Protein chains: 2
Amino acid sequence: MPTIRDVAKLAGVAPITVSRVINDSSYVKLDTRERVEAAIEELGYVPNMLGQSLRFKQTMTLAVIITDITNPFWTTVTRGVEDVAQEHGYLTILCNTDESENKQEQYLQMLLRRRIDGILLVSASNDAKPVELVKKQKIPLVLMDRNVENVDVDIVRSDTEEGAYKLTNHLLSLGHRKITMLAGPRDIFTSVDRTKGFCRAFEEVGIEISNEQIIWGEFTKEAGYLMAQQALQNDILPTALFAANNFVAVGALQALQEKDIRVPEQIAIVAVDDIPPAYTINPFLTVAKQPAREMGKQAAQLLLNRVEGTMDAPCQEIVLPVQMIIRASGGEKVLS
Amino acid sequence: MPTIRDVAKLAGVAPITVSRVINDSSYVKLDTRERVEAAIEELGYVPNMLGQSLRFKQTMTLAVIITDITNPFWTTVTRGVEDVAQEHGYLTILCNTDESENKQEQYLQMLLRRRIDGILLVSASNDAKPVELVKKQKIPLVLMDRNVENVDVDIVRSDTEEGAYKLTNHLLSLGHRKITMLAGPRDIFTSVDRTKGFCRAFEEVGIEISNEQIIWGEFTKEAGYLMAQQALQNDILPTALFAANNFVAVGALQALQEKDIRVPEQIAIVAVDDIPPAYTINPFLTVAKQPAREMGKQAAQLLLNRVEGTMDAPCQEIVLPVQMIIRASGGEKVLS
DNA sequence: GCATATCATGATACGCGTACCATAAATGTG
DNA sequence: CACATTTATGGTACGCGTATCATGATATGC
């Protein structure tokens, strides 16, 4: 592979002159520039960013770490990041942790070694260790979606507490009282947050929530299936289910279908996160939709501010509004 | 950020000794190693791969270029790549082109500059230019899924021609004769390939295919919706539809639902590619499923063989079998 | 006890591109 | 025409980690 020196020799100039042509910095006579460009063309020279990065002390690369790459919600967030990153000339590296703290740790190491300019993290872990690892190296980091405990750090997330509150309120206003929450993992910020919104709505109307009403699980279809089955075994049959995310909703719907329980006639269901339209023949779930792409954009913007600007500015928490989409699955007004 | 020299100074050794500790190469006395490790710990030293890559002439990084990051098929392929890459200590960079040749070209440039060790490409373009650009730089490249014209290059793809053939055969054996193919783009390899399989099945039973029977479009839900509408306007109403992929199928199903046409009673439908189970309450599409993860694994393996081995070995074409999954959407036997 | 093999460490140079300083030619100014 | 300014180009060193060669310290063999 040719180097800048090969080009220089062929063009009969010094390497630094080739560098000036590449970066369009400083003065180069038109005649010289053309000779250099011809040499670059002839040799098929591609500048080696390793050398550049070493000097410039920047790699023009950002990393996005997400927990599930097959989930379109996260890939849509990533698209938002890309939009902004590309605009600023940055390459985005996407890493997938599968919710494994171990894999996350491995990726962080790999990224730090590569002197990535900044990291966008959807943390697989609820504790501060990974964040502190990065902060210690003075690499800018912005959290997305999920907060972690006891750290001062930038974060962009959406207001799913409010979303959960509104969804629950919607069900309450339709007359539902026996609503079971099919929650996510107990130790993930967003999961707890959604449960809080659920509880807040009940508190406001002065109804006590029983223990049975909240079932903790995971953000997967399988968990949704199991949680729904459990909900249907409770002494008091619920008239509505609240799914902590779209996958949970799909699992729950499957469980209901297997028992020939009609939605929304016999049981209503609502969820946080929409199902991507590309997979739905007939969208009917009432959902609180998070602005995925916007989340990615804002997070990337915030990160780039840090990367290109100051690390000293105080940390920000940007909370984006969720969008209520009322469809059929919540059902009509019921009398309890 | 501390460098290897800072560590060396603190440990009272030469930089090269620190290097030896990091890479566990050559001899280092236990006592010295411990002193160095303590210094690394104290300073929070993270080796700078830019320097290493410059010397080693390798970045331990692979890139995957896909055309749609929000499509779980591609992200599953990527997961397969990751599995293998991580096993071998490589980081994977994921790039998303949105089917834009322009974006693809940009990404290739960015990757070449970063001296990526190898590239896995799902080409947004049907011509050989991007492949030749990479080959010229002697960077190993393996195509996935889609072939391109007139280049000798490694490729791993699945046998969707055979899949399409089998699906069509399935419909034919159930008695369908008026089958309309909702095809993908005219200039994408896999799209043409599937259409060929469709035609082959008809040829084998000696039935001529009319022009109306193949509608070209795109691999999207929207296109599927429009193509299905068009199919229903034809003089001879089809008794079955063949969707070129899962998104097309969903769009077609929506069009059918809007016209109150029941599937499979009134019209049967089959598709290449399954709908990810996480989104389906009730899987009922008869499909030919591609081994996405396996495709990624094999492609990554082939690429790594090139990266770590020889570039001289002749190019390979690995064709993976597709899996027929017969469900309800193909319907029962009909008499025409 | 001396030659040889092994262990342990370091000095120097290099991979690639560029910052910094130096030099020289071209141009402008009075 | 003398001097200042702008334009144009190059030499050297550096960013960080390591290959190569060299050197010295131990250990092994006979």
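As a basis for the values below, the full set of heavy atoms in this structure was taken, side chains included, without hydrogen atoms, waters or symmetry mates. Keep in mind it's a predicted model, so treat the numbers as computed, not measured. We name chains A, B, ... by the order of the sequence lines, and we start the count at 1 in each one.
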Under 3.5 Å donor-acceptor, Arg146(B) side chain and Val122(B) backbone: no

Position toward the 5' end of DNA chain C (nearest nucleotide), Leu30(B) or Leu54(B):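 First, find each residue's nearest nucleotide; the 5'-ward one identifies Leu30(B).
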
Comparing Gly51(B) and Ala14(B) on DNA chain C - which has the more 5′ nearest nucleotide: Ala14(B)

What is the distance from [atom1] of [X] to [atom2] of [N], rounded to the nearest Å?
X: Lys9(A); N: dG10(D); atom1: NZ; atom2: C1'; result: 16 Å
X: Arg114(B); N: dG17(C); atom1: CZ; atom2: C1'; result: 15 Å
X: Asp24(A); N: dA8(D); atom1: CG; atom2: P; result: 13 Å
X: Phe56(B); N: dC14(C); atom1: CZ; atom2: C1'; result: 13 Å
X: Met49(B); N: dC16(C); atom1: CE; atom2: C1'; result: 16 Å
X: Ile4(A); N: dC14(C); atom1: CD1; atom2: P; result: 18 Å
X: Gln137(B); N: dC16(C); atom1: CD; atom2: P; result: 13 Å
X: Lys29(B); N: dT26(D); atom1: NZ; atom2: C1'; result: 10 Å

Answer yes or no: does a side-chain N or O of [X] lie under 4.0 Å from OP1 or OP2 of [N]?
X: Gln52(B); N: dC16(D); value: no
X: Asn23(A); N: dT18(C); value: yes
X: Tyr27(B); N: dC7(C); value: yes
X: Lys57(B); N: dC16(C); value: yes
X: Tyr45(A); N: dC16(C); value: no
X: Thr17(B); N: dG10(C); value: yes

Between the base of [N] and the side chain of [X], is there a donor and acceptor pair under 3.5 angstrom?
X: Arg55(A); N: dC16(C); value: no
X: Arg115(B); N: dG15(C); value: no
X: Arg20(A); N: dG17(C); value: no

Test: Asp24(A) and Arg33(A) ion pair at under 4.0 Å: yes

Upstream residue (5' side of DNA chain D) when Asp31(A) and Arg5(A) are each assigned their closest nucleotide: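 Taking each residue's closest nucleotide, the earlier one in sequence belongs to Asp31(A).
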
Determine the contact category for [X]: base if any of its heavy atoms lies under 4.0 Å from a base atom, sugar-phosphate if only primed atoms, P, OP1 or OP2 are that close, otherwise nothing.
X: Val18(A); value: nothing
X: Ile16(A); value: base
X: Thr32(A); value: sugar-phosphate

Flag side-chain contact, heavy atom, 4.5 Å: Leu143(A) against Leu141(A): yes

Student check: side-chain heavy atoms of Thr92(A) and Asn96(B) closer than 4.5 Å: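 No, their side chains stay 4.5 Å or more apart.
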
Proximal nucleotide (of dT9(C), dC16(D), dT9(D)) relative to the Asn48(B) side chain: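 Shortest atom-to-atom distance from the side chain points to dC16(D).
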
Options dT18(D), dG17(D), dT9(D), nucleotide nearest the side-chain atoms of Ser26(A): dT9(D)

Shortest non-hydrogen separation from Ile318(B) to Gln298(B) and the atoms involved: CG2-OE1, 3.6 Å

Heavy-atom pair with the smallest gap, counting every atom of Ile139(B) and Ile116(B):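 What the structure gives for the nearest pair is CD1-O, 3.7 Å.
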
